[in-house]
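What follows is a single structure, written as structure tokens, with notes after it.
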There are 2 protein chains.
Amino acid sequence: MTEGSYKQFCPVAMASEVLCSRWTMIVVRELVCGSTRFNDLKRGVPRMSPALLSKRLKDLELAGVVQRVAGGGKGGGYEYRLTPAGRELEPIVKAIGFWGQRWVETAPTLQNVDPELLMWDMRRSVNVAALPRQRTVVQFTYTDRPEKKRSYWLIVEANGTVDVCSIDPGFEVDLYVSTDLRTLTAIWLGLTTIHAETENDRLTVVGDTALERTMSNWLGLSSFAAERKLAPA
Amino acid sequence: MTEGSYKQFCPVAMASEVLCSRWTMIVVRELVCGSTRFNDLKRGVPRMSPALLSKRLKDLELAGVVQRVAGGGKGGGYEYRLTPAGRELEPIVKAIGFWGQRWVETAPTLQNVDPELLMWDMRRSVNVAALPRQRTVVQFTYTDRPEKKRSYWLIVEANGTVDVCSIDPGFEVDLYVSTDLRTLTAIWLGLTTIHAETENDRLTVVGDTALERTMSNWLGLSSFAAERKLAPA
DNA sequence: CGGGATCCAGTTCGATACTG
DNA sequence: CAGTATCGAACTGGATCCCG
């Protein structure tokens, strides 16, 4: 990718031609995390133009990392499924993430907050097993966002499916979480904790008491949250 | 690194901004393999312009992956040394290389042969311990190359330092290896063996009998050579 | 929903030459 | 040895519109 390759026979270079062009690793992360539909992938990389996403997917298909198959079930369309080669990228994505968690400075990271993206990521990490076996609705309100983009709803259905939306779905809300976007992002990244930020009053949680007490169980964090940050401040 | 970042707080994205711009991973590979001087790095990435190499090194310094220090010992200049963060990239580089070895098709790989680069890589992988404790000179002749770029000399000094040159150093040659460039590259990559290619008559070795017999011991291969290729033909 | 096509501005890259 | 300087060519990516 990026025609005009490195012209090196070394396996690192050959693989880098496939994996290390702009956006590619992020798309692979989305695939590894389980997204298969174009529009789902797009939600995971909102700053990437659809044209470019399409091109990258084609490149990955050519490289044997994904397979484009007619979408099962709903509405036609296509699915992008990882091939065996693609599945073997998971450890690489993880290793890169761990390295980032350990060594990339956090300050610039926390410039890149985005409520839609955070909700989308949280949706994936919710620990459904830690929630009651009935529909649970949590409303997140980002106090520092403009009126229109302030609230999001996390809906966990009784059957375990998790949805996110940015318009009030009308269901009764079980728990209200209110904070600023950077605080919740920092929590999700493991840079601080629900407990600490509650003490701080930067995070307020009201509603169902059981849900409130178990929040650190059902609110899954980034898969890299456990790793200690080592980058110099 | 490609200004205009991904604007994602995910650690994979943050790390990819540092690592996944064009050429960067290859430069990191060179650093991990032990090169520290600008010109040594340049030999490892001959198709990269010095201007771009310089920029990438600056970016890596800014990211905390390398440290630029006044060169010790000889002639001044600078050295680029991996920081602790940089050293932790080694498993990532290895993982990428293994993946490339397993899953990237070999046909295009073998288009990218380059005698200087192969010699430079072989220099790093020579198993000095398997050679006699005295100066050993091996002449490689690539029968398919134009007269001027046909022969290279691998010189292992008694003290264990390994050098490569493309002009006859004048020393007595202990072993003559004659083959085409693709064959030796394929051997180095583990796609075939010295034995098989000798049987084939694509590889001819003459000279010191002991050196000849032990060639597969002292001629180190790519660090990924052991991994089986799985990519579909 | 799931993309493809087009356009254009901005960047980046590579080649070569050159310097302290 | 260790890079800069320069310049044209190539590529990228965002926006927008379109289509089935």
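Bear in mind the structure is a predicted one, so any value in this text is a computation, not a measurement.
The side-chain contact (heavy atoms from CB on, under 4.5 Å) check on Ser49(B) picks up Ala51(B), Leu52(B), with sequence neighbours excluded. The side-chain contact (heavy atoms from CB on, under 4.5 Å) test applied to Arg102(A) returns Glu227(A), Leu230(A), Glu88(B), not counting sequence neighbours. Residues that satisfy the side-chain contact (heavy atoms from CB on, under 4.5 Å) test with Ser223(B), not counting sequence neighbours, are absent from this structure. Applying the side-chain contact (heavy atoms from CB on, under 4.5 Å) test to Lys42(B) and every residue at least two apart in sequence or in another chain returns Phe38(B), Asn39(B), Pro50(B), Leu53(B). By the salt bridge (Lys or Arg N to Asp or Glu O under 4.0 Å) test, Lys94(A) is found to be paired with Glu90(A), residues two or more places apart in sequence or in another chain being considered.
Atom-to-atom, CG of Asn39(A) to C1' of dG4(C) comes out at 14 Å; the value is rounded to the nearest Å. One can place CG of Leu57(B) at 11 Å from C1' of dA2(D), the figure rounded to the nearest angstrom. As a whole-Å value, the separation of Leu52(A) CG from dT12(D) C1' is 7 Å. The CG-C1' distance, from Asp59(A) to dG13(D), rounds to 14 Å in whole Å. Rounded to whole Å, the distance from CD1 on Ile26(A) to P on dG13(D) is 12 Å. Rounded to an integer number of Å, the gap from CE of Met48(B) to P of dT16(C) is 17 Å. Atom pair Lys55(A):NZ and dG13(D):C1' shows a separation of 11 Å (rounding to whole Å applied). Counting to the nearest Å, the P atom of dA5(C) and the CG atom of Leu53(A) are 15 Å from each other.
Identified under the salt bridge (charged side-chain N to carboxylate O under 4.0 Å, His left out) test for residues 109-127 of chain B, with sequence neighbours left out: Glu30(B)-Arg124(B), Glu116(B)-Lys149(B), Asp121(B)-Arg124(B).
When each of Leu191(A), Thr183(A), Leu181(A) is checked for a side-chain contact (heavy atoms from CB on, under 4.5 Å) with Leu110(A), only Leu191(A) meets the rule.
Proximity of Arg37(B) to the phosphate of dC1(D): no side-chain N or O atom is located under 4.0 Å from OP1 or OP2. Phosphate contact (OP1/OP2 of dT11(C), side-chain N/O of Arg22(A), threshold under 4.0 Å): absent. For Arg68(B), a side-chain nitrogen or oxygen approaches OP1 or OP2 of dG3(D) to under 4.0 Å. One finds no side-chain N or O of Trp23(A) lying less than 4.0 angstrom from the OP1 or OP2 phosphate oxygen of dT12(D). Distances shorter than 4.0 Å separate none of the side-chain N or O atoms of Lys7(B) from OP1 or OP2 on dG14(D). Neither OP1 nor OP2 of dG3(D) sits under 4.0 Å from any side-chain N or O of Lys42(B). Contact annotation: Tyr78(A) does not reach the phosphate of dG4(C) (side-chain N/O to OP1 or OP2, under 4.0 Å).
A perpendicular orientation is assigned to the rings of Phe98(A) and Phe224(A), their planes being inclined by more than 60° (bins at 30° and 60°).
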Could you tabulate the donor-acceptor pairs under 3.5 Å formed by side-chain atoms of residues 135-142 of chain A, not counting sequence neighbours?
residue: Arg135(A); atom: NH1; partner: Glu157(A); partner atom: OE1; Å: 3.4
residue: Thr136(A); atom: OG1; partner: Gln134(A); partner atom: O; Å: 3.2
residue: Gln139(A); atom: OE1; partner: Trp153(A); partner atom: NE1; Å: 3.2
residue: Gln139(A); atom: NE2; partner: Thr141(A); partner atom: OG1; Å: 3.3
residue: Gln139(A); atom: NE2; partner: Ser151(A); partner atom: OG; Å: 3.4
residue: Thr141(A); atom: OG1; partner: Ser151(A); partner atom: OG; Å: 3.0

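Put simply, the side chain of Glu105(B) reaches to within 4.5 Å of the side chain of Pro108(B), judged on heavy atoms.
With distances taken from any side-chain atom of Arg56(B) to the nucleotides dG3(C), dC13(C), dG3(D), the minimum falls on dC13(C).
For the helix from dC1(C)-dG20(D) to dG20(C)-dC1(D), the end axes, each set by the C1' atoms of five terminal pairs, are bent relative to each other by 50° (nearest 10°).
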Look for any protein N or O under 3.5 Å of an N or O in nucleotides 15-20 of chain D and output each such pair with its distance, or none.
none

